[in-house]
Every structure is written in structure tokens, then in C-alpha cells.
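Keep in mind that this is a model prediction, so the values were computed, not measured. Numbers restart at 1 for each chain; the letters A, B, ... are given by sequence-line order, proteins then strands. Both backbone and side-chain heavy atoms feed into the values below; hydrogens, waters and symmetry mates do not.
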Amino acid sequence: MSTENLENITADKVVDARGTSCPGPLLAAKKAIGEIEKGQIMEVLSADEGTRRDIPKWCTKKGFEYLGTIEEAGFFKILLKK
Amino acid sequence: MYKNENECNTNHIFIYQVSHQDNWNKVITPIVLYCELVNNNSEHLTMNLKNKKMAKKLTLALFSGSVDKLTAAGVILGGAAAEEMEVEIYVLLQAAFAFKKENAMVNDRVSEITDKKDDFLASLKRLNAPHWTEAFRTAKEMTNVKIHICGFAGKVWHGEKLDDFIDLADDICGIGEYMSSAEDADINLFI
């Protein structure tokens, strides 16, 4: 998905894990995914480079749809659909 | 024994059917797995079975009692928790020292790059990394983690009872349990 399309997405849940280091953001995503319904979209904010690679892999394993990542100044917005 | 889902008793859940075939590809023995309902809650039971079947297992022989390696173990446990792995930790020798109630929070020994210990510990704080006990606790809350203290290791550090160790510890056991658990693990680590 293009960055422009990603930016137009409104997430049903935003998880701000910028204050934590690996594996904090992944664990925050794992906790929060239980709070949304199938088909809903979650946005994970992470300042951790490793998480940017971990979440797409985690999505594949868990059967969620990884939508893409937007790079912001000093952090990433990682979007996925349950 | 049921041949198919339609025959299944209402108190049982039909899981799946496997057919044994002879050399001529003729079905000779259908094998049917079923399970009895607990509290009549079929949703709960099927979920459990599904998780049980799919969960991968990590066994960890945890020898180190130093915070650098315990912190690394905590990070790996976080990864295992995110994937809902089943985890069995066997606390051996020096790790049993770190698991003693009086040591867990005050022990700040590191085992490598010891001349940079202050920088290392300050960086953990700066990066907001949880203390290893907290990382272990989070993993326990999120997935099935069992922590076993090796009985011999406990005695080496004057800990005879489970109560001598932090509440993360589930029991005191012998090495045989580690062997049989590690045998069928998908990942086995020594730290």
C-alpha cells in the first residue's frame, strides 16, 4: 500500500509504544490486538527499528494483515488489520 | 466412536477425522477424535485444543545469575510471549542465586564487558528497559511460562523451599524434568 493510501487510513486503535524498547512495542501490540474486532485496524507507534521488522512477521504468523509502515520523525507508524 | 460429525454425541465435540488407507487407497479404518465438553462450553474447549495443537515450545536452561544475561533472557521471553509459545525455564546454579528473594532486585552483577558495567546499567534505564524480573513477569502474564528451580542449585545458595525464591518460581524440580521437556521443544536455549 502506498504511503499516501496508508496516511488516509483511520485506525480503530492506536498503541503508542514509543517509550519502550524491544520487545516492548511487540508486546504492546500483542496485548492490544485482543481489544479490537476482526477487520478493525490498529496503528502501532514505535521508535524501535527492530519492531518495524518484527510486526510484519508477527502478523504473518498470527494471520493478521500487515498494511504498511509510515516513517515519521524519530518513530514509525505500523498499520495492521486484524 | 463416531464415523462423522453428524453422529457425534451432543456432549462431545467432533475434532477431525483421519482415514487409514490400505495399499489400494481404499478406506479401511476411519479414526475419529472427539472430546468431551467441559461445562458445556464448546467454544472454550475448541479454542484450547487449537492453541494446544499450535503452540510451539521453548525450553530455557538458565544458568546465569548476572543481569546482562538475565535481561537478554527477558527479551527472548518477550518474543516467545508475543507468539504465545509454551515456555519452560529451568533455573540452574548461578541463576538460582539471582532468583533468591533477597538477591533478585539488588543483584547488579554483569558477566561480560564488566569494565563498562555502569554504562550498560545506565543505558538500560535510559532505554526504559524493564528489570529482568518484570520482563519475566510480563511473559508469564501473556503466555504459558513455567519456571522451575533446580533443587541442587537452590541448596547451593541455601534455598531449600519454594518460598526462598521470588514468586515467579513455580516449583523446585530435578534435572530429569528438564530433559524430558527439552526433548520435545521446538527451541532449546542455554543462557
Which donor-acceptor pairs sit under 3.5 Å apart between chain B and chain A?
unit_1	atom_1	unit_2	atom_2	d
B:A82	O	A:W58	NE1	2.9
B:E83	O	A:K62	NZ	3.3
B:E83	OE1	A:K61	NZ	2.9
B:E83	OE2	A:K61	NZ	3.0
B:E84	OE2	A:K30	NZ	3.0
B:L127	O	A:S21	OG	3.2
B:N128	ND2	A:G19	O	2.8

Flag, side chain of B:N103 to backbone of B:A98, donor-acceptor distance under 3.5 Å =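 Checking the backbone N and O of B:A98 against the side chain of B:N103, no donor-acceptor pair under 3.5 Å is found.
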Sort and list the pairs that fulfil ring-ring contact (aromatic ring centres under 6.0 Å, His included) and have at least one residue in residues 13-37 of chain A, not counting sequence neighbours.
->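 Those involving residues 13-37 of chain A do not exist here.
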Would you please go through residues 146-172 of chain B and name the residues with a non-hydrogen atom below 4.5 Å from one of chain A, in numerical order?
->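 Counting heavy atoms that sit under 4.5 Å from chain A, no residue of residues 146-172 of chain B is involved.
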B:I187 and B:T59, any side-chain heavy atoms less than 4.5 Å apart |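 Contact flag for B:T59/B:I187 side chains = no.
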Go through the steps to decide whether B:S181 and B:E88 satisfy the test side chain to side chain contact (heavy atoms under 4.5 Å, CB included), and finish with yes or no.
-> CA-CA 8 Å; B:S181 185; B:E88 300 270 353; 3.4 Å; yes
Count the heavy atoms of every other residue, nucleotide or ligand shown that sit under 6.0 Å from NZ of B:K101, and state whether that count exceeds 12.
->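 It does: B:K101 NZ has more than 12 such atoms within range.
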What's in the same ILVMFWY side-chain cluster as A:L27, cut-off under 4.5 Å, chained through other members?
->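 Under the 4.5 Å side-chain rule, A:L27 groups with B:M142.
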Taking it one step at a time, do A:I55 and A:V44 satisfy side chain to side chain contact (heavy atoms under 4.5 Å, CB included)?
-> CA-CA 9 Å; A:I55 288 188; A:V44 183; 3.9 Å; yes
Out of curiosity, does B:F136 fall in the hydrophobic cluster containing B:V110 (side-chain heavy atoms, cut-off under 4.5 Å, transitive links)?
->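 Yes, it is one cluster - the side chains of B:V110 and B:F136 are joined through contacts under 4.5 Å.
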Non-hydrogen atoms of A:A29 and A:M42 that approach each other most closely |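 It is O-CE, 3.5 Å.
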Stepwise side chain to side chain contact (heavy atoms under 4.5 Å, CB included) check, B:D119 with B:I113 | CA-CA 10 Å; B:D119 184 21; B:I113 321 185; over 6 Å; no
What residue, out of A:C22, A:G24, A:G19, A:A47, has the most heavy-atom pairs lying under 4.5 Å from chain B?
->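 Counting heavy-atom pairs under 4.5 Å, the top option is A:G19.
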